[in-house]
Amino acid sequence: MLIDQEVVLNEILGSADLGMRKLVLKGPIAQEARPGQFVHLQVGPTLDPLLRRPISIAAIDPECQEITLLYRIKGKGTELLSKAGPGQKLNLLGPLGKGFTLPDKGELWLVAGGIGAFPLHALAAAAKKQGLTVRLFWGGENRSLLECSGLAMWEELGLPIYLSTLDGSCGKKGLVTELLQEFLQEYRQSSPSPAAAGEPVLQVAACGPPGMMQAVTVQCLQAGWPVEVSLEEHMACGLGACLGCVVTLQDQQGQVRRAKVCQDGPVFRGEEVVWNASC
Amino acid sequence: MLIDQEVVLNEILGSADLGMRKLVLKGPIAQEARPGQFVHLQVGPTLDPLLRRPISIAAIDPECQEITLLYRIKGKGTELLSKAGPGQKLNLLGPLGKGFTLPDKGELWLVAGGIGAFPLHALAAAAKKQGLTVRLFWGGENRSLLECSGLAMWEELGLPIYLSTLDGSCGKKGLVTELLQEFLQEYRQSSPSPAAAGEPVLQVAACGPPGMMQAVTVQCLQAGWPVEVSLEEHMACGLGACLGCVVTLQDQQGQVRRAKVCQDGPVFRGEEVVWNASC
Amino acid sequence: MPPVDFRTPLAGLNLRNPLITCSGTYGFGEEYQEYCPPEALGAITVKGITPEPRLGNPLPRITETPGGMLNAVGLENPGLEEFLCSYLPRLQKLPTAVIINISGFAVEDYVQMARALQSDCGLAAIEVNISCPNVKHGGMHFGTDPQSAREVIAAVKRETDLPVIAKLSPNVTDIVAMARAVESGGADAVSLINTLLGMSIDIDKRRPFLANIFGGLSGPAIRPVAVRMVWQVAQAVQIPIIGMGGIIEWQDAVEFMLAGASAVSIGTGNFVNPRAPLTILAGIEQYCRKNGLASSRDLVGLAQR
Amino acid sequence: MPPVDFRTPLAGLNLRNPLITCSGTYGFGEEYQEYCPPEALGAITVKGITPEPRLGNPLPRITETPGGMLNAVGLENPGLEEFLCSYLPRLQKLPTAVIINISGFAVEDYVQMARALQSDCGLAAIEVNISCPNVKHGGMHFGTDPQSAREVIAAVKRETDLPVIAKLSPNVTDIVAMARAVESGGADAVSLINTLLGMSIDIDKRRPFLANIFGGLSGPAIRPVAVRMVWQVAQAVQIPIIGMGGIIEWQDAVEFMLAGASAVSIGTGNFVNPRAPLTILAGIEQYCRKNGLASSRDLVGLAQR
Ligand SMILES: Cc1cc2nc3c(=O)[nH]c(=O)nc-3n(C[C@H](O)[C@H](O)[C@H](O)COP(=O)(O)OP(=O)(O)OC[C@H]3O[C@@H](n4cnc5c(N)ncnc54)[C@H](O)[C@@H]3O)c2cc1C
Ligand SMILES: Cc1cc2nc3c(=O)[nH]c(=O)nc-3n(C[C@H](O)[C@H](O)[C@H](O)COP(=O)(O)OP(=O)(O)OC[C@H]3O[C@@H](n4cnc5c(N)ncnc54)[C@H](O)[C@@H]3O)c2cc1C
Ligand SMILES: Cc1cc2nc3c(=O)[nH]c(=O)nc-3n(C[C@H](O)[C@H](O)[C@H](O)COP(=O)(O)O)c2cc1C
Ligand SMILES: Cc1cc2nc3c(=O)[nH]c(=O)nc-3n(C[C@H](O)[C@H](O)[C@H](O)COP(=O)(O)O)c2cc1C
Ligand code: FES
Ligand code: FES
């Protein structure tokens, strides 16, 4: 839908210097939104910036008619967005895109790189509600980045969280993919092989830098578990009309085609994505 | 100077529907400003609108370091300006231009058309301080326009105010120039002729629509009193560099030349202005 | 007060109203269904079609600029055959005029497509894009040389019985010469303007922002150039003008019509406000009312008089 | 850490730094004294001078557009003689390179002015404006026809021993051809770009906003076109480029230098922020530091490699 929704709060997340913000908006979009979808936001009243800004939906509360967006101030658009105070109306287009697929049973592992955790938060909440076993593997530069990216919100969900940081300031020192690898091996021993188990008992959803998502995809495919990734591209229309946000996909036959991140995504099956496509 | 000054208040003047605003700014410009000068305001943080907006200084309070601007919401620039709340900083360039000349004795008559009263208010206050006899002749469409354009502020100055409105809703029904004409004739009888009095005992300052200022100029010149007018033109630089705001002047010999409203004005001697210049 | 008459005769078509959507900004008519359905518009123009399917340019393809945006989509499209099989059937059902936009890299490309596009296939008109600046090779020169522009249009006219609209590039010294050329080539109307060729550089990566280096500049930033070209061309040719370039608000559309455009087309504006064309139509109605004009046709070229 | 080396050799001049002000936007060097004094700049360019004094166009002369502005000042200036008598003496005293910008409506105009402008008169260079689009008659065509552009530049070169900078119009199909033409005509440098020809209409008055109808579009709106032209020309000519067109922030200036501009010139940016050139210089210094570049010269054309 295209609608003005009221800002409930737009506050600093963690310490100010990292420029992370939590934005809660009230309105009917909360009824429709599904995990992995995003909204296309008009950040200001003038022609500068001209285009809308896509932001993932990090939490959905249909009862209170509230959606929560977590964002990092990157440039002038998000800078302007951070100035929007409670009571002010923002024009939203959404919810847009196809979200994550929510398995009806089994385990769901979430793998996040940095602020890639934002869209996964809504998925985690939904999966818990569904009674799935959910784990979060989350890697970042250091403790403060994770803390400022909503770690507290995750802890509220009360699910197992495994952290890694490059500087070891919290969790395991190193990459989140290393963390994931250990657990995948462990899991392989402890539980039925993908082959044995008819339908997959474990699914993975990842969001983060492209390189990280590619690595996670490879890991999961090797282990035999299905993986979904949430992609980012520069967007104009958000509706599949401008072809600005395409990603290159290939089918089993290696036949390549374009898909639109805004409309066909932002969530795709890891194996169909052609990472760093040359064309 | 070029400086960020804090908004003390930015409130509706009179009834909201006329879109008149009173903006008080705190800062050192109050020390330098003289009646008739203006400031060139950055109305927003982005590139839209791109250019600054010129607004006259309507009141100067060096003690409190405050200047007061009165403005009418005309388009997107002033619309955006009206959103600036107390505490917010606005970037100002000014005070700019040459103000009105303040006679050291005698009478000063102010003739205003509509919101042309804005710049005259600062002049009236200074002239009263100087001990001059000051009168205001103010014409507008109707009562509500005058009330919403700061009539109350004028009354605080406690000087004789003569109003005219097109619909007769307050003061004399008709044009302010008709009002002025009566007083000029009266004054002629009651007081020494301009010729007799060595230096002029009466000076006139006018601001309003060009046609009105032209008429006032003619009236005063016929009566033999010096008159100053405050002009408006679209401005880019405000400093005399872009030549966007020129006015055509002519000397006694009828020799025409251009002058810059921003730098050489906005106040000019009525007789030197070439009204509706063809070139 | 009677409703404002929006009917817009244009190049033999009878449009419901003067609002059109720009090629490449409104997809194939389905994408905006929820916000601004094709039925509400005078016409829609589909994404540029080429003889063969194209994957288009690598990413990034778009970036924002002050008051505008750059795009280098590179004519990604399903190709003519696929368009006719998979897209046209649904488009035919629309109660709105559908304009196909065709692009090519040789006169033969245009001719081949024109041959397959006739009035019986359910399309309203062919917009010939001789100006899409995004494709590195060719394309550009048709749009910048009057003689070849004339030839392409004439060749297309020979092959089809559909009205032919020539879409001109603003990246020329003399837009009037281009307009006269396509008029003499038989064009039934001109679309003004396509994007200005531009680029921007990512100062962190220290390389061009777009993978294609160059892109087409669109949006409000280019409106003064577009209005100027509509004004100049309106004085020079007899055929109607479809005005486009940075129309966001209804005031912008009125500006184009006062300059001489018989219809206006919304492009980047759709991205800013998916309902833009409807908002603009309502605004034009208000404006006509306020100014006592019975028809939006009365606006056309009014500022020229 | 040593300070960043800003020295900028250009067309035989040795500029203190790569910051210049655009003709017509910085007056005659006095207007901005309080905010951005000439002494702080690499060079200043004065308002366009013609052989005879000109009153310029009627009002309104300027209007705002999205991310830009239109101007139709019409070359108001005191004329060459008055400039030499009343303005030059003070300009000569400035410790900064002063570039005179000359405009004409016939080759003779340029020749006549060039003859009076020699290195002994205290000016640093002549910028030949063959492109000011504001003057209804003539002017335009020098800037849009390579052959006549070449002739004007060659004629000026013959008459003066001052470095000659050719200022090109962006209103052309092929900016590279224009740049090559003036290079072959002997130009020591090129300035890119002048304003794009545009217009806007006052929908309340239903007539063109500017008294001159057409005006020159400047400001951030045109930056993508300017950067593109600098990029193209940098690949085609040997002479240095002065980049201009919508530079407001230091990032914009860096963008031009990365594209291939040896120096940058600030125009409309002065109106937005009277201290813009100083702010930009500081920003460039930061950027060089951050990227470990010893000199601002190292930025030139970096994105081309
Ligand atoms: C589907 C999707 C979901 C997203 N979810 C989130 C989120 O939940 N939280 C969050 O902080 N960010 C999210 N982003 C990234 C966010 O859209 C950008 O950070 C934001 O648009 C930057 O705008 P800006 O004006 O501040 O930065 P600028 O760099 O000034 O933006 C300039 C232009 O580039 C575009 N742009 C810049 N970075 C990105 C990017 N990474 N992805 C897409 N476009 C970009 C902007 O939209 C704008 O058009 C998401 C992006 C996508 C595509
Ligand atoms: C010396 C001077 C003093 C002024 N003092 C006052 C004052 O005290 N109170 C007040 O309400 N207004 C004053 N004005 C007029 C005020 O500057 C304009 O109303 C304002 O710029 C309109 O901006 P906008 O974006 O709201 O309107 P828009 O019409 O959207 O503005 C578009 C462009 O036109 C320019 N413009 C529009 N109208 C005018 C105008 N009348 N004069 C100059 N430029 C204009 C704007 O600056 C802008 O560049 C003064 C103008 C001048 C030149
Ligand atoms: C993303 C995008 C894709 C475009 N694709 C095409 C195209 O395929 N064919 C064409 O003739 N014009 C194309 N254009 C140009 C537009 O149709 C239009 O002429 C131009 O954008 C100016 O209008 P605007 O400023 O309102 O967008 C495209 C423009 C954009 C922004
Ligand atoms: C008000 C104004 C006056 C100008 N006068 C001249 C001029 O006299 N001669 C000239 O060569 N260019 C003139 N220009 C063009 C500028 O020098 C510059 O090339 C152009 O504005 C692009 O730069 P900008 O976008 O930074 O302003 C003028 C521009 C403006 C805005
Ligand atoms: S943003 Fe336009 S197609 Fe995805
Ligand atoms: S506004 Fe630039 S000269 Fe007056």
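Note that the structure is a prediction, hence the values are computed from the model and not measured.
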Are B/C237 and D/Y26 packed together at the side-chain level, in the sense that at least one heavy-atom pair is separated by less than 4.5 angstrom?
no

Taking heavy atoms only and a threshold strictly under 4.5 Å, list by residue number the residues of residues 82-96 of chain D that touch chain B; give 'none' if the list is empty.
none

Any side-chain heavy atom of D/P53 sitting closer than 4.5 Å to one from B/R257?
no

Do the side chain of D/R61 and the main chain of B/C245 share a donor and acceptor less than 3.5 angstrom apart?
no

Could you walk me through whether B/H40 and D/F271 pass ring-ring contact (aromatic ring centres under 6.0 Å, His included), step by step?
CA-CA 10 Å; B/H40 214 22; D/F271 309 155; 9.4 Å; no

Need one label for B/M1: side chain, backbone, both or neither, based on atoms under 4.5 Å from any heavy atom in chain D.
both

Could you look at B/L93 and say if it's the side chain, the backbone, both or neither that has a heavy atom under 4.5 Å from chain D?
side chain

So which part of B/V246 gets closer than 4.5 Å to some heavy atom of chain D, the side chain, the backbone, both or neither?
both

Residue B/A277 versus chain D: region with a heavy atom under 4.5 Å
neither

Side-chain heavy-atom pair B/L239, D/P274 within 4.5 angstrom cut-off
yes

Determine yes or no for a side-chain-to-main-chain donor-acceptor pair under 3.5 angstrom, with D/E64 supplying the side chain and B/P49 the backbone.
no

Per-residue contact mode, D/E76 against chain B (heavy atom under 4.5 angstrom):
both

Quick check for you: to the nearest 0.5 Å, what is the distance between D/L210 atom CG and B/H234 atom NE2?
10.0 Å

